[in-house]
Amino acid sequence: MITENQVDPDTRAGQAPAKGRRKIKRNTWQTVIWFIVLTAITVIVLYPLVWLLFSTFKPNSEFGQSIAIFPENPTFDNYIKVSEGIAGIPMWKFFWNSLVLAALAVIGTVLSSALAAYAFARIQFKGLGILFAAMIGTLLLPFHVVIIPQYIIFNNLGLVDTFWPIVLPKFLATEAFFVFLLVQFIRQMPREMDEAARIDGAGHLRIFWSIILPLIRPALITCAIFAFIWSWNDFLGPLLYLTSPENYPLPIALRLYNDQTSTSDYGATVTASFVALLPVLLFFLVFQRFIVDGVATQGVKG
């Protein structure tokens, strides 16, 4: 039996033991320190974006003279210039071209990569290992190596200065990264589902459409997000294949605001860059939780 003298005075007073209070105090300080560190990192990461936002209100005279984040003489002239467009082409035309290219890239990449991944993960055929190794090997092949052969092919087909050279490869499962990602997802699923569907008379196309696609939805959305961002920010592909200004997407249009042989409009360039960044930022903020779901699903075995 514990006597009154053996009871901790803090316990008799209805308070937590001294050791417990010290632990709570230590955890509180750790939380505060981590909060300060993470806040500092967040400020450092977001500073360029905040600077870009406020720089859209700076006149050209302030660029190169001051690195202050806030403009000394705020103006909306930059937004007016950007809305009017450049080279006789309105900004919405460049925006529409980028949107078309990004949408087609997402559709082509997701569909073709999913089909190729299903073939690698579920269909046994001769040369499967060799073809899969060759597909993985293309990840080590720089895009610059195939620029000239691809350009010659599309030029002989008369497809230069059209969207086809940029969009067509997306429908041919040329993005090995996405194919490999989806293969890993499909391989985690038990084959018993395929066998049960095959007993009911389902073929590969039915199994792929009704069983596999719904289960790899997080991975498909992850592929769609990265395909959209990569296509929206693509500069080299449109620069090679598009020659008419009315076909330019936003990354190429931004170059028109800076001419090394004349005066560069830095205010309009910064504003156009910020406007071009908004769709990517909003797209990522809306669908970022699916990226987390996709990464989390990677560790779940069927």
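Between Phe57 and Tyr79, the ring center distance clears the sub-6.0 Å criterion. Remark: aromatic rings of Tyr248 and Phe94 are distant, center separation not under 6.0 Å. Residues Phe95 and Trp232 bring their aromatic ring centres within 6.0 Å.
With salt bridges taken as basic N to acidic carboxylate O contacts below 4.0 Å, one links Glu175 and Lys170.
Heavy atoms of other residues, nucleotides or ligands lying less than 6.0 angstrom from CZ of Phe35 number 12 at most. For Ile148, the CD1 atom counts as loosely surrounded, since its 6.0 Å shell holds 12 or fewer non-hydrogen atoms of other residues, nucleotides or ligands. Leu285 CG: more than 12 foreign heavy atoms inside a 6.0 Å radius. Within 6.0 Å of atom CZ in Phe274, more than 12 heavy atoms from other residues, nucleotides or ligands are found, so the atom counts as buried in its surroundings.
A donor-acceptor pair is defined here as one N or O able to donate and one able to accept, closer than 3.5 Å; such a pair exists between the side chain of Asn97 and the backbone of Glu246. Judged by distance alone, with hydrogens and angles left aside, the side-chain atoms of Asn60 form a donor-acceptor pair with the main-chain N or O of Gly267 at under 3.5 Å. No donor-acceptor pair under 3.5 Å is formed between the side chain of Asn155 and the backbone N or O of Tyr151. At least one donor-acceptor pair closer than 3.5 Å links the side chain of Glu62 to the backbone N or O of Asn73. Checked by atom type and distance alone, the side chain of Ser231 never pairs as donor or acceptor with a backbone atom of Ala227 at under 3.5 Å. Using modelled atom types, one side-chain atom of Thr138 and one backbone atom of Met135 make a donor-acceptor pair closer than 3.5 Å.
The two residues Ser98 and Leu250 make their nearest non-hydrogen contact at OG-N, 2.7 Å. Residues His204 and Ile123 come closest through the heavy atom pair CE1-CG1, 3.8 Å. Looking at every heavy atom in both residues, Leu215 comes nearest to Met189 through CB-CE, 3.4 Å.
Using cut-offs of 30° and 60° on the angle between ring planes, the pair Phe177 and Trp230 is tilted. Below 30°, between 30° and 60°, or above 60°: for Phe63 and Tyr266 the angle between ring planes is between 30° and 60°, a tilted geometry.
No side-chain N or O of Asn78 forms a donor-acceptor pair with one of Thr56 less than 3.5 Å apart.
In this structure, Arg187 is not positioned above the aromatic face of Tyr118 in the sense of NZ or CZ being under 6.0 Å from the six-membered ring centre and within 45° of the axis.
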Check step by step if side chain to side chain contact (heavy atoms under 4.5 Å, CB included) holds for Val106 and Ile225. CA-CA 8 Å; Val106 169; Ile225 292 173; over 6 Å; no
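In terms of the salt bridge (Lys or Arg N to Asp or Glu O under 4.0 Å) criterion, Asp234 has no residue partners (sequence neighbours excluded).
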